[in-house]
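What follows is a short report on a single structure.
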Amino acid sequence: MTQPATSVSHILMPRLPYPDNALEPVISAKTISFHHGKHHQTYVDKTNDLIKNTPLATLSLEEIVKAAAKNDAQKAIFNNAAQAWNHDFYWNSLKQNGGGQPRGDLLKKIEGDFGGFDALAKALVDEAVSRFGSGWAWLVADHGQLKVMSTANADTPLALGLTPLLTIDVWEHAYYLDYQNRRADHVKAVIEKLIDWDRAAARFKMV
Ligand code: FE2
């Protein structure tokens with residue numbers, strides 16, 4: 001994650017970990033410019049506006065997400081902070097010339113928990129496609145068990161005590177300019193060509 005983990009009074013807008021055309025042709029530079037420069041930026045800006053002069057202003061973004069998730073009165077803060085966190089995590093789930101399959105311990109764990117990499121990829125696509133409306137598809141570690149799941153809108157496994165290993169954004173703003181309504185084709189292309197399995201494996205090692 002590029003977001004500083006230390007306590008801050010101000011949530012910083014993280015830079016993309018690659019140039020805005022690095023994920024082409026699956027995700028165009030135009031999509032990235034709107035997605036990172038407008039959507040993600042707005043979530044960060046709104047979070048900063050909403051936490052101003054509140055006790056949350058001294059917390060890290062991760063701490064704000066977890067705290068606001070427990071308080072119905074802070075739903076707007078949760079939605080914006082969780083989207084800021086989810087998007088930072090999303091950019092860091094992808095890389096140029098990614099995709100393929102993980103190696104080492106993570107691949108062995110996937111084979112044990114899903115029966116093979118192809119089964120995991122299919123589960124991710126199915127979860128992403130069946131998520132009604134906006135949301136996210138995730139590979140998470142749940143107390144030593146790998147699971148595929150999806151969340152609606154801004155919801156995040158971070159607030160559920162799970163350890164996210166990778167995510168795919170299935171809000172329309174993530175793919176509509178490039179794939180229109182073909183969410184399944186977009187998700188398959190992301191899995192085949194963009195997932196950063198080295199980062200997912202590094203997160204898995206920390207579980
Ligand atoms: Fe998004």
Side-chain angles (χ1 to χ4, degrees), residues 1-3 11-50 61-62 64-65 68-69 75-96 98-99 124-140 148-160 162 164-196 199-200 203:
M1 300 295 291
T2 51
Q3 182 68 44
I11 302 304
L12 301 176
M13 178 64 191
R15 297 169 66 122
L16 276 176
Y18 31 69
D20 62 4
N21 63 353
L23 307 183
E24 291 188 337
V26 178
I27 303 176
S28 65
K30 189 172 183 183
T31 290
I32 295 273
S33 73
F34 279 101
H35 198 177
H36 180 260
K38 304 292 185 188
H39 293 278
H40 188 171
Q41 180 75 58
T42 298
Y43 296 128
V44 170
D45 291 346
K46 284 190 177 174
T47 301
N48 281 320
D49 284 347
L50 290 165
L61 181 58
E62 193 168 319
I64 292 168
V65 171
K75 188 66 178 169
I77 293 175
F78 173 80
N79 282 339
N80 284 283
Q83 281 295 79
W85 190 91
N86 288 347
H87 279 88
D88 191 17
F89 191 82
Y90 169 65
W91 304 124
N92 286 284
S93 293
L94 309 179
K95 68 175 181 181
Q96 188 174 38
L124 262 175
V125 173
D126 289 349
E127 196 65 49
V129 171
S130 61
R131 165 53 54 191
F132 185 77
S134 298
W136 302 82
W138 305 85
L139 175 64
V140 302
V148 165
M149 63 182 288
S150 66
T151 55
N153 302 317
D155 287 347
T156 177
L158 183 67
L160 302 173
L162 305 171
L165 301 184
L166 67 87
T167 193
I168 301 173
D169 189 340
V170 294
W171 284 60
E172 282 190 346
H173 65 225
Y175 61 87
Y176 209 84
L177 290 177
D178 302 318
Y179 285 81
Q180 292 77 52
N181 63 331
R182 294 178 293 119
R183 183 189 288 189
D185 290 345
H186 170 74
V187 171
K188 285 176 189 168
V190 168
I191 294 169
E192 286 171 13
K193 297 176 179 171
L194 297 182
I195 293 294
D196 187 342
R199 280 189 195 256
R203 293 173 187 130

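Just so you know, ligand 1 is whichever comes first in the structure, and atom 1 is the first atom listed for that ligand.
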Side-chain H-bond candidate by donor/acceptor type, Asp178 with Thr31, under 3.5 Å = yes
Spacing of Leu165 atom CG and Ser93 atom OG [to the nearest 0.5 Å] = 9.0 Å
Donor-acceptor side-chain pairing of Trp138 and Ser150 below 3.5 angstrom = no
Polar protein atoms near the Fe ion (ligand 1) [N, O or S; cut-off under 2.8 Å] | His35 NE2, His87 NE2, Asp169 OD2, His173 NE2
Side chain proximity check, Tyr90 to His40, heavy atoms < 4.5 angstrom | no
Measure from the ring center of His36 to the ring center of His87 and say whether it is less than 6.0 Å.
-> no
Asn153 side, atom CG; Gln83 side, atom CD - distance, nearest 0.5 Å | 8.0 Å
